[in-house]
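Written out below as structure tokens is the structure these notes cover.
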Amino acid sequence: MSAQKIIIDTDPGQDDAVAILLALASPELEVLGLTAVAGNVPLDLTQRNARQIVELAGRDTPVFAGCDAPLARPLVTAEHVHGKTGLDGIALPDPTLPLQESHGVDFIIETLRREPAGTVTLCPLGPLTNIATAFERAPDIVEKVQRIVLMGGGFFEGGNITPAAEFNIYVDPEAAKAVFACGRPITVLPLDATHKALTSKAWIAEMRSMGRIGEVVASWTDFFERFDTEKYGSEGAPLHDPCVIAWLLRPDLFSGREINVEIETQSELTLGMTVADWWGVTDRAPNALFIGEVDRDGFFSLLSERIGQL
């Protein structure tokens, strides 16, 4: 069976980094490229971080810089969570992997036009600016997308940047609205699922014993865990973005519902909210598989197994 072709759209971010490592370690996936977007930190850092992660994994996957600002709003970043570089926690060498010359949006468009229809899955781990921009510039590529599997939003868990909104959706709600309206199959890994993928002291210790890459993962996790444990009072920190890759590899570890999800772009109080019709109280057609549960033990076993192979 041939590997599933994916494009990872990302704003690394320690949890983005773990997601990228998981994808690069998995033979079931063919990572065609990484497109960086402004989000957790500005674009000049996210593209640099993406190249560092690819090099850490010992790969030469191409990295492209995409959009440096949301479609219609000033950029909101999250250095308070991820540190000034976005990958605080351990010092990595300056990347030698070159940044590709073409724009990330152009790469998405050209790849979807080149590959057979229905063979490429888009995996956004940050704000949806690059994806929405590609769809707006080249409407012909939308029907060629196999599926969009994204980390973003929340319903029962509320938000993590405002009471109502999760960070990735809040940063560019107009982009999210466009993507959710695109008509292609979408899987959403919201806070409702990712907040159940909590790290443990035992798992971090296991990572630290697994060589250089495991040591880096443990250091990243130690760094951003301090924020989440203080905020939520939890024992560990949620590994949000790796849930996207884990769903592709092991969908049996997750459960959810096909529901309608709309994005709020007008309200001052609920800007960026994913209005998820979990209970089917509207007549709006389902447009997303909204994940609510994750098998935590299975998820972390998968991470350990794969990262240990790098």
Q. Any side-chain heavy atom of Val18 within less than 4.5 Å of one from Asp241?
A. no

Q: Show your working on salt bridge (charged side-chain N to carboxylate O under 4.0 Å, His left out) between Lys5 and Glu115 and close with a plain yes or no.
A: CA-CA 9 Å; Lys5 297 174 181 178; Glu115 298 290 339; 2.5 Å; yes

Q: Scan side-chain atoms only and decide if Ser304 and Glu206 contain a donor-acceptor pair under the 3.5 Å cut-off.
A: yes

(Q) I'd like to know if the side chain of Gln14 pairs up with that of Thr221 as donor and acceptor (distance under 3.5 Å, no hydrogens or angles considered). (A) no

Q. Between Glu143 and Arg184, is the closest basic N to carboxylate O distance under 4.0 Å?
A. no

Q) Mind checking whether Phe64 and Phe107 have parallel, tilted or perpendicular rings, split at 30° and 60°? A) parallel

**Q.** Asp277 side-chain N/O to Ile259 backbone N/O, donor-acceptor pair under 3.5 Å
**A.** no

Q.
Whether the Arg147 and Thr121 side chains hold a donor-acceptor pair (N or O, under 3.5 Å, no angle test) is what I'd like checked.
A. no

Q) Can you list the other members of the hydrophobic cluster that holds Val41, where links are side-chain heavy atoms under 4.5 angstrom apart? A) Leu45

Q. Is any side-chain heavy atom of Leu249 closer than 4.5 Å to a side-chain heavy atom of Glu28?
A. yes

Q: Assert yes or no for the condition that the ring centre distance of Trp278 to Phe155 is strictly below 6.0 Å.
A: no

Q: Spell out, as yes or no, whether a donor-acceptor pair under 3.5 Å connects the side chain of Arg284 to the backbone of Asn260.
A: no

Q: Measure from the side-chain N and O atoms of Asp106 to the backbone N and O of Ser102, and report whether any donor-acceptor pair falls under 3.5 Å.
A: no

**Q.** Presence of salt bridge, Glu174 and Arg73, under 4.0 angstrom
**A.** yes

Q.
So which atom in Leu43 and which in Gly66 form the shortest heavy-atom distance, rounded to 0.1 Å?
A. CD2-O, 3.2 Å

Q | Pair Asp60-Val54, side-chain contact (heavy atoms from CB on, under 4.5 Å): steps then yes or no | A | CA-CA 7 Å; Asp60 58 1; Val54 170; 5.6 Å; no

**Q.** Side-chain H-bond candidate by donor/acceptor type, His82 with Asn40, under 3.5 Å
**A.** yes

Q) Between Thr46 (side chain) and Val37 (backbone), is there a donor-acceptor pair under 3.5 Å? A) yes

